[in-house]
*Asks:* 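If you scroll down you'll find the structure; I have some questions about it.
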Amino acid sequence: MTAIDQLLSAARADVESGSVPACQLAVARDGDIVAFETFGAARDTTRFCVFSATKPIVASAIWLLIADGRIDVDRRVCEYIPEFLIDGKERVTVEQVMLHTAGFPNAVTSNAAGADATRRRVQFAHWELEWPPGTQFVYHGSSAHWVLADLIERVSGVDFRDFIEQSVCTPLGLPRVLGVPIAAQSDIAPLVAVGEPPDDPHSFLLNDPDVRVAGNPGGGAIMTAADLARFYQALLHNPRALWDAAVLADAKTHIRCTFDDPLMGVAVNRTLGLVVAGDDGKHILRYAIFGEANSPGSFGHAGAHAQVGWADPDTGISFAYLNNAVTSDPMGSGMRANRLATIAAALEL
């Protein structure tokens with residue numbers, strides 16, 4: 001059995017055991033997909049919700065605006081978004097928002113309100129800081145990325161979903177991934193509860209067509225595993241110099257946040273939009289993204305319920321694994337996905 005066969009067999013076994021209703025994985029190298037398979041109640045054309053694996057795609061749009069001089073990560077958010085001028089939020093910088101150190105991890109914006117600029121900004125004005133910005137890391141699941149969406153709109157004058165499609169997806173040959181119209185949602189794998197009822201019922205909101213249209217920038221992207229693997233190939237090779245070389249290199253290598261993750265107890269190793277494996281031997285504990293053989297320079301991001309995307313500059317491999325199981329056992333689902341990432345990281349292509 002080849003290593004690719006071993007990878008596919010492991011994914012198939014998870015479906016056959018009932019761990020996931022459907023899953024999809026892709027391996028890419030040199031800009032091309034070298035393996036792409038779907039198992040269970042789905043087809044190769046089926047798209048999946050990638051949850052927080054969305055975040056690097058949104059960050060990659062911010063990188064374009066940084067290169068253009070329209071966004072400066074050292075500037076305060078309030079210089080772009082006046083609603084941040086009150087309640088201490090005037091101290092928050094763009095960098096802190098991108099590093100999850102801004103201090104408002106639990107600030108609430110509904111998908112419907114977030115998708116509407118006027119309503120979104122009204123809610124920003126009422127957000128309160130939970131701790132001084134820049135003093136600790138706490139994962140901002142959705143709040144920070146609604147701010148990034150608003151930054152995109154403020155400086156570009158374009159709806160954030162359209163900007164990401166026009167400036168990132170289309171140049172890379174990818175379909176629209178955020179704000180998918182209802183008429184284009186027929187091939188999306190529905191999220192399905194597996195095992196005990198999940199602790200977070202909000203995951204199932206992404207079965208709502210209107211929520212998919214809203215395009216939550218912190219976790220609402222819809223795509224195939226091949227799409228995600230191609231995105232990471234683009235980060236490796238920067239086709240047609242889409243991103244400024246220096247800005248992209250910074251995003252892939254410059255670890256700006258080393259606060260410990262309160263859940264896993266390891267340094268978060270965050271850049272402006274990505275997680276870097278690092279050389280401390282603890283890379284598997286960084287959200288179960290990376291496999292044992294991933295090089296220290298590997299970068300990627302996980303999504304809830306064991307969505308995985310990464311690239312390894314040493315091997316040139318990018319890997320994506322998506323599934324539609326919603327469980328109450330994040331550790332178990334993370335370990336399942338990490339087994340696949342470990343096989344993928346050791347591939348010799």
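Throughout, residue positions are numbered sequentially from 1 according to the sequence presented.
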*Asks:* For the CG atom of Leu272 and the OG atom of Ser60, what is their distance to the nearest 0.5 Å?
*Replies:* 12.5 Å
*Asks:* Under 4.0 Å between a Lys/Arg side-chain N and an Asp/Glu carboxylate O for Asp162 and Arg176?
*Replies:* yes
*Asks:* For side-chain contact (heavy atoms from CB on, under 4.5 Å), just list the numbers for Gln6 and Ser9, CA-CA rounded to whole Å, side-chain angles, deciding distance to a tenth of an Å, and then say yes or no.
*Replies:* CA-CA 5 Å; Gln6 183 184 0; Ser9 178; 5.7 Å; no
*Asks:* Considering non-hydrogen atoms only, spot the tightest contact between Val247 and Asp244 and give its length.
*Replies:* N-OD2, 3.0 Å
*Asks:* Hey, could you give me the NZ/NE2 distance between Lys89 and His126, rounded to the nearest 0.5 Å?
*Replies:* 9.0 Å
*Asks:* Quick check against the 3.5 Å criterion: does Thr170 have a side-chain atom that pairs as donor or acceptor with the backbone of Gln166?
*Replies:* no
*Asks:* Just wondering, more than 12 heavy atoms not from Gln185 lying within 6.0 Å of its CD?
*Replies:* yes
*Asks:* Using the six-membered ring wherever Trp is involved, compare the ring planes of Phe137 and His100 and label them parallel, tilted or perpendicular (cut-offs 30° and 60°).
*Replies:* tilted
*Asks:* May I ask whether Leu228 and Val34 are part of the same hydrophobic cluster, defined by side-chain heavy atoms of I, L, V, M, F, W, Y residues being less than 4.5 angstrom apart, directly or through others?
*Replies:* no
*Asks:* Would a distance-only check, ignoring hydrogens and angles, find a side-chain to backbone donor-acceptor pair under 3.5 Å from Ser143 to Phe104?
*Replies:* yes
*Asks:* Verify whether one side chain among Gln123 and Thr109 offers a donor that lies under 3.5 Å from an acceptor in the other.
*Replies:* yes
*Asks:* Indicate whether the side chain of Ser52 and that of Tyr287 have a donor and an acceptor atom separated by less than 3.5 Å.
*Replies:* no
*Asks:* Quick check: do Val194 and Ser19 have side-chain heavy atoms less than 4.5 Å from each other?
*Replies:* no
*Asks:* Does Thr54 reach the main-chain N or O of Gly218 with its side chain, forming a donor-acceptor pair under 3.5 Å?
*Replies:* no
*Asks:* Tell me the closest heavy-atom pair linking Asn323 and Phe48, and the distance in Å.
*Replies:* C-CD2, 3.7 Å
*Asks:* For salt bridge (Lys or Arg N to Asp or Glu O under 4.0 Å), just list the numbers for Glu83 and Arg154, CA-CA rounded to whole Å, side-chain angles, deciding distance to a tenth of an Å, and then say yes or no.
*Replies:* CA-CA 12 Å; Glu83 290 79 6; Arg154 294 272 189 172; 2.6 Å; yes
*Asks:* Show your working on side chain to side chain donor-acceptor pair (under 3.5 Å) between His254 and Arg270 and close with a plain yes or no.
*Replies:* CA-CA 8 Å; His254 184 186; Arg270 285 197 171 260; over 6 Å; no
*Asks:* Tell me, with the steps shown, if Thr2 and Asp5 meet side chain to side chain donor-acceptor pair (under 3.5 Å).
*Replies:* CA-CA 5 Å; Thr2 69; Asp5 290 336; 3.1 Å; yes
*Asks:* Can you tell me if CD on Glu128 sees more than 12 non-hydrogen neighbours from other groups inside 6.0 Å?
*Replies:* no
*Asks:* I'd like to know if Arg161 pairs up with Asp159 as an ion pair, taking the criterion as any Lys NZ or Arg NE/NH1/NH2 lying under 4.0 Å from an Asp or Glu carboxylate oxygen.
*Replies:* yes
*Asks:* Quick check on Arg43: does its CZ atom have over 12 non-hydrogen neighbours (other residues, nucleotides or ligands) under 6.0 Å away?
*Replies:* no
*Asks:* What do the steps show when you test Val94 against Leu151 for side-chain contact (heavy atoms from CB on, under 4.5 Å), and what is the final call?
*Replies:* CA-CA 9 Å; Val94 176; Leu151 283 172; 4.1 Å; yes
*Asks:* Identify the two heavy atoms, one from Asp72 and one from Tyr80, that lie closest to each other, and give their separation to 0.1 Å.
*Replies:* N-OH, 2.8 Å
*Asks:* Would you compute the distance between atom CG of Leu191 and atom CG of Asn324 and round it to the nearest 0.5 angstrom?
*Replies:* 6.5 Å
*Asks:* Can you see which heavy atom on Pro209 is nearest to which on Ile182, and at what distance?
*Replies:* CB-CG1, 4.0 Å
*Asks:* Decide, yes or no, whether a salt bridge links Glu95 with Arg256 under the criterion of side-chain N to carboxylate O below 4.0 Å.
*Replies:* yes
*Asks:* What residues, two or more places apart in sequence or in another chain, satisfy ring-ring contact (aromatic ring centres under 6.0 Å, His included) together with Phe124?
*Replies:* Phe84, Trp127
*Asks:* With no hydrogens and no angle check, do the side chains of Glu130 and Asn106 hold a donor and an acceptor under 3.5 Å apart?
*Replies:* yes
*Asks:* So do Tyr321 and Gln307 actually touch side chain to side chain, heavy atoms under 4.5 Å?
*Replies:* no
*Asks:* Between the side chain of Asp14 and the main-chain N/O of Gly18, is any donor-acceptor distance below 3.5 Å?
*Replies:* no
*Asks:* Does Asp116 pair with Arg121 as a salt bridge, N-O distance under 4.0 Å?
*Replies:* no
*Asks:* What's the shortest heavy-atom distance between Ala320 and Ala229, and which atoms?
*Replies:* CB-N, 3.8 Å
*Asks:* What verdict does the side-chain contact (heavy atoms from CB on, under 4.5 Å) test give for Leu8 and Leu25, after you've listed the backbone C-alpha separation in whole Å, the side-chain angles of each residue and the deciding distance to 0.1 Å?
*Replies:* CA-CA 8 Å; Leu8 300 180; Leu25 61 80; 3.6 Å; yes
*Asks:* Between Thr46 and Asp187, does any side-chain donor sit less than 3.5 Å from a side-chain acceptor?
*Replies:* no
*Asks:* So if you build clusters from Ile, Leu, Val, Met, Phe, Trp, Tyr with side-chain heavy-atom gaps below 4.5 Å, do Val50 and Val180 land together?
*Replies:* no
*Asks:* At what distance, to the nearest 0.5 angstrom, does CG of Leu235 lie from CZ of Phe231?
*Replies:* 4.0 Å
*Asks:* Pick one: which of Leu148, Leu85, Val92 meets side chain to side chain contact (heavy atoms under 4.5 Å, CB included) with Val77?
*Replies:* Val92
*Asks:* Taking only Lys NZ, Arg NE, NH1 and NH2, and the carboxylate oxygens of Asp or Glu, determine whether Asp227 and Arg47 approach each other closer than 4.0 Å.
*Replies:* no
*Asks:* Report the residues that fulfil ring-ring contact (aromatic ring centres under 6.0 Å, His included) with Phe51, sequence neighbours left out, ordered by chain and then residue number.
*Replies:* His305
*Asks:* Ignoring hydrogens and angles, tell me if any N or O in the side chain of His145 forms a donor-acceptor pair with the backbone of Asn216 under 3.5 Å.
*Replies:* no
*Asks:* Is the shortest side-chain N to carboxylate O distance from Glu153 to Arg70 below 4.0 Å?
*Replies:* no
*Asks:* Looking at CD1 of Ile57 and CD1 of Ile62, how far apart are the two atoms once the value is rounded to the nearest 0.5 Å?
*Replies:* 13.5 Å
*Asks:* Identify the two heavy atoms, one from Gln24 and one from Thr38, that lie closest to each other, and give their separation to 0.1 Å.
*Replies:* NE2-OG1, 3.0 Å
*Asks:* Please evaluate residues Thr101 and Gln96 with respect to the criterion side chain to side chain donor-acceptor pair (under 3.5 Å), reporting the C-alpha separation (whole Å), side-chain torsions for both, the decisive distance (0.1 Å), and the verdict.
*Replies:* CA-CA 5 Å; Thr101 64; Gln96 289 165 348; 5.2 Å; no
*Asks:* Do Leu178 and Tyr232 share a hydrophobic cluster (ILVMFWY, side-chain heavy atoms under 4.5 Å, transitive)?
*Replies:* yes
*Asks:* Does Val147 form a side-chain contact (heavy atoms from CB on, under 4.5 Å) with Ile81? I'd like the steps, not just the answer.
*Replies:* CA-CA 9 Å; Val147 176; Ile81 303 175; 4.0 Å; yes
*Asks:* If you measure only the distance, is there a donor-acceptor pair under 3.5 Å linking the side chains of Asp312 and Ser298?
*Replies:* yes
*Asks:* Check for a donor-acceptor pair, side chain of Asn338 on one end and backbone N or O of Phe290 on the other, with a separation under 3.5 Å.
*Replies:* yes
*Asks:* Tell me whether Glu90 contacts the main-chain N or O of Gly88 through its side chain, where contact means a donor paired with an acceptor under 3.5 Å.
*Replies:* yes
*Asks:* Is it true that Val155 and Val168 fall in one hydrophobic cluster, defined by side-chain heavy atoms closer than 4.5 Å?
*Replies:* yes
*Asks:* Rounded to the nearest 0.5 Å, how far does OG of Ser142 lie from NZ of Lys55?
*Replies:* 6.0 Å
*Asks:* With the threshold set at 4.0 Å, does a side-chain nitrogen-carboxylate oxygen contact exist between Arg29 and Glu348?
*Replies:* no
*Asks:* Identify whether Tyr139 and Val108 are in the same connected component of the hydrophobic contact network (ILVMFWY, side-chain heavy atoms under 4.5 Å).
*Replies:* no
*Asks:* When the ring planes of Trp310 and Phe319 are compared, do they come out parallel, tilted or perpendicular, using 30° and 60° as the limits?
*Replies:* tilted
*Asks:* Would you call Arg212 and Asp208 a salt bridge, using N to O less than 4.0 angstrom?
*Replies:* no
